[in-house]
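First listed ligand is number 1; within each ligand, the first listed atom is number 1. The model shown is predicted, which means the values in this text are computed figures rather than measured ones.
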Amino acid sequence: MNLVVVSNRVARGKANEPMTGGLAAALLPVVEKSGAVWVGSSGRVRDGAQMEPIAEIEQLGEGALALLDLPAAHYAGYYEGFANSALWPALHSRSDLIRVSQDDYDSYREVNAFVARALLRFQKPDTLFWIQDYHFLSLGAELRRLGVKSPLGFFLHTPWPARGVIDSVPNHRDLVTAMLAYDLIGFQTEDDRENFTACVRADLGLQVRDGIVKSLHGRTRLAVFPIGIDADRFAQQAAKAVAHPDVSRLRRSLHGEKLAIGVDRLDYSKGLVNRINAFDRMWTMHPALLRTASLLQIATPSREAIEAYGQLQSEVARLVSDVNGRHGEADWTPIRYLNKGYGQSVLAGLYRSAQVGVVTPLHDGMNLVAKEYVAAQSPVDPGVLVLSKFAGAANELDAALLVNPHDIDGMARTIALALAMPLNERRMRYEILMAKLRRHSIQQWFADFLEALQDGDSAEIEPLPAPSAGFLAGRLASSSARYH
Ligand code: F6P
C-alpha cells in the first residue's frame, strides 16, 4: 500500500517546536512511522494564475513530507475566508460569526483543485489517499474529476453541527455533494455522524442505510473513529520534562500553591471567556482559594488576520487583567496569561505540574489537550481533568469531572472540587482514564481508518459504547470497546 496523507497544516518532526494544531501534532508520530507521503501547505504563497503545483520534498521518518506553495491569488479567500470565516464558525455552531462571499468560496474550490493536481504526482497503482479536515471538503471530488480511481478517505477533525446550522453556509449543498466523492468519511463522534446523515437526507434527499450513502459518485461509508494519542509515550515525555528549565522554574515559583492549567489556541470555540469568568467566580465564592490556587492559561494566537479572532484576543486580555486587578496582591497573581506556543515536550511537563487541567470548549471535535493532560500525570499523585461535555473527548473521558461551559457557577464549583479532591479518588479516576487512552490510541485510530478504507464495506467495526451515566458505569460498559 502506498499512502498519501493530505492536510493543510503539517508538522515538521521536532518535539520542541511549538505546534498550533491538534491535528498536525497528533498525526506526526504515526505518519512518520508509516512511510507515507504527507502533503500540506508550506505556509508560503506564489504568484501566477496558471501556476503548476510544485512540492518541496523533505524526508519525514520512513516517508516524506511534501510542502506546497499555494496560489497567492486564492490563499486568503481559501484560508482566512471560506475555511475559517464560513466553515469553521458553522462547524462549531457559531452561525452568528459566519462571513462569506462568493469570491471566497471560489478561492476555496480553486485551492482544492490545485492541491488535487499536485497529488497526481504521488499517485501509484496501489495508492490510498487520506484527506484531513474541513479545508479539503471538495478535494476528493476534484481528484475524481482528474480521473483518479484510488480509494479516497476523509476524516473530519471538527464537529459536524446539528441540522440547520450548516445551511447558513450558502454553498453547503455543493460541498456536501462533493464530499460524497470520498469512499469513507470518518467522524470524531456518533453525534457528528448522525448530524451529517441528517444533512445528507434533508438537503440532498438521499437515503443513508447502515451508514452507507449512494450518490452519483458511488457509495460512501460514514463511520466514527475517535482520534487518540500515544499515552505511554506522552507519559514518558512528561516524566522527563519536569527537569526542563521552563518547567522547573514554574514549579519553584509556586511555593506549594496549587495550579490549574488551560492550553488552547485563541479561538472562540475554546470557551476562554467563560473559563476565566468561572475562575473569577470561584475566587469570590471560595476566598480560601485566594493565594492557594492559581491558573496558568496558555492561549496561542491563531488566525490573527480574522476580525473575530482579533476581538477575542482583546476581550480575553481585558478580562484577565480585570480579574487579576480584582483578586491579585502585590506578591500574588491569580492568572498567569501567556500568548505564545510551546513545544510538546515542555507542555507535557507543564501539564504534570498542574493539579487541575481545565479543558472547557463550547464545541470541539475531540480536544487532544484533554487526553494529553491525563497522560502527563504522575500515577502516584495525579491531577484532575475538568472537561466540557461539549468536547468530543467527553464521550470516552467520562471519569473526568464533566462540566457545562455555559454554567459559570457550576464550573466554579467543579474547579474548586477538583482542587480539593482526595488522592484515592484522583487515582481511581486517573486509572480509568488512562486505560481508555491506551485502548483508543492514535496508532489504533490510524490502523482502523486505513483498514476500513482498504476493506470497503466488508470491514467489521464494532460501535463505541453509548456514553454512560457515570464513570464507573463507563468502565464496565467500555471494556470491550473498539472504534466505530
Ligand atoms: O480540526 C481542527 C484543526 O484543523 C486542528 O488541527 C487544530 O486544532 C486547528 O484546526 C489548526 O488550525 P490552524 O491550522 O488554522 O492553526
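- Atoms of ligand 1 lying under 4.0 Å from at least one heavy atom of Thr158, given by number and element, are 1 (O).
- Contact annotation for Tyr309 and ligand 1: no heavy atom of the residue comes within less than 4.0 Å of the ligand.
- When each of Phe129, Phe446, Trp445, Phe136 is paired with Phe155, the ring-ring contact (aromatic ring centres under 6.0 Å, His included) condition holds for Trp445 and for no other.
- The closest approach between Gly365 and ligand 1 stays at or above 4.0 Å for every heavy atom of the residue.
- Between atom 2 (C) of ligand 1 and the options Ile227, Asp133, Leu91, Val369, the minimum heavy-atom separation is to Asp133.
- Each of the following atoms of ligand 1 lies closer than 4.0 Å to a heavy atom of Gly22: 5 (C), 6 (O), 7 (C), 8 (O).
- Atoms of ligand 1 found under 4.0 Å from any heavy atom of Trp88, numbered from 1 in the order shown, are 2 (C), 10 (O).
- Below 4.0 Å from some heavy atom of His157 lie the following atoms of ligand 1, by number and element: 1 (O).
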For this session: Start with the C-alpha distance between Arg303 and Asp267, add both sets of side-chain angles, then the distance that settles salt bridge (Lys or Arg N to Asp or Glu O under 4.0 Å), and finish with yes or no.
Result: CA-CA 9 Å; Arg303 305 172 191 169; Asp267 191 293; 3.5 Å; yes

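- Proximity of a side-chain donor or acceptor of Asp246 to a complementary backbone N or O of Leu347 within less than 3.5 Å is not detected.
- Screening residues 82-94 for salt bridge (Lys or Arg N to Asp or Glu O under 4.0 Å), with sequence neighbours left out, gives Arg94-Asp96.
- Of the inter-residue distances, the one linking Trp130 atom CH2 with Leu450 atom CG reads 5.0 Å to the nearest 0.5 angstrom.
- At least one N or O atom of Leu23, backbone or side chain, sits closer than 3.5 Å to an N or O atom of ligand 1.
- A salt bridge links Asp69 to Arg46: one of the charged nitrogens lies within less than 4.0 Å of a carboxylate oxygen.
- Below 3.5 Å of separation, one finds no N or O of Ser302 facing any N or O of ligand 1.
- Within the listing of ligand 1, atoms 13 (P), 14 (O), 15 (O), 16 (O) sit less than 4.0 angstrom from a heavy atom of Tyr79.
- When all heavy atoms of Gly365 and Thr189 are compared, the pair lying nearest together is O-CG2, 4.3 Å.
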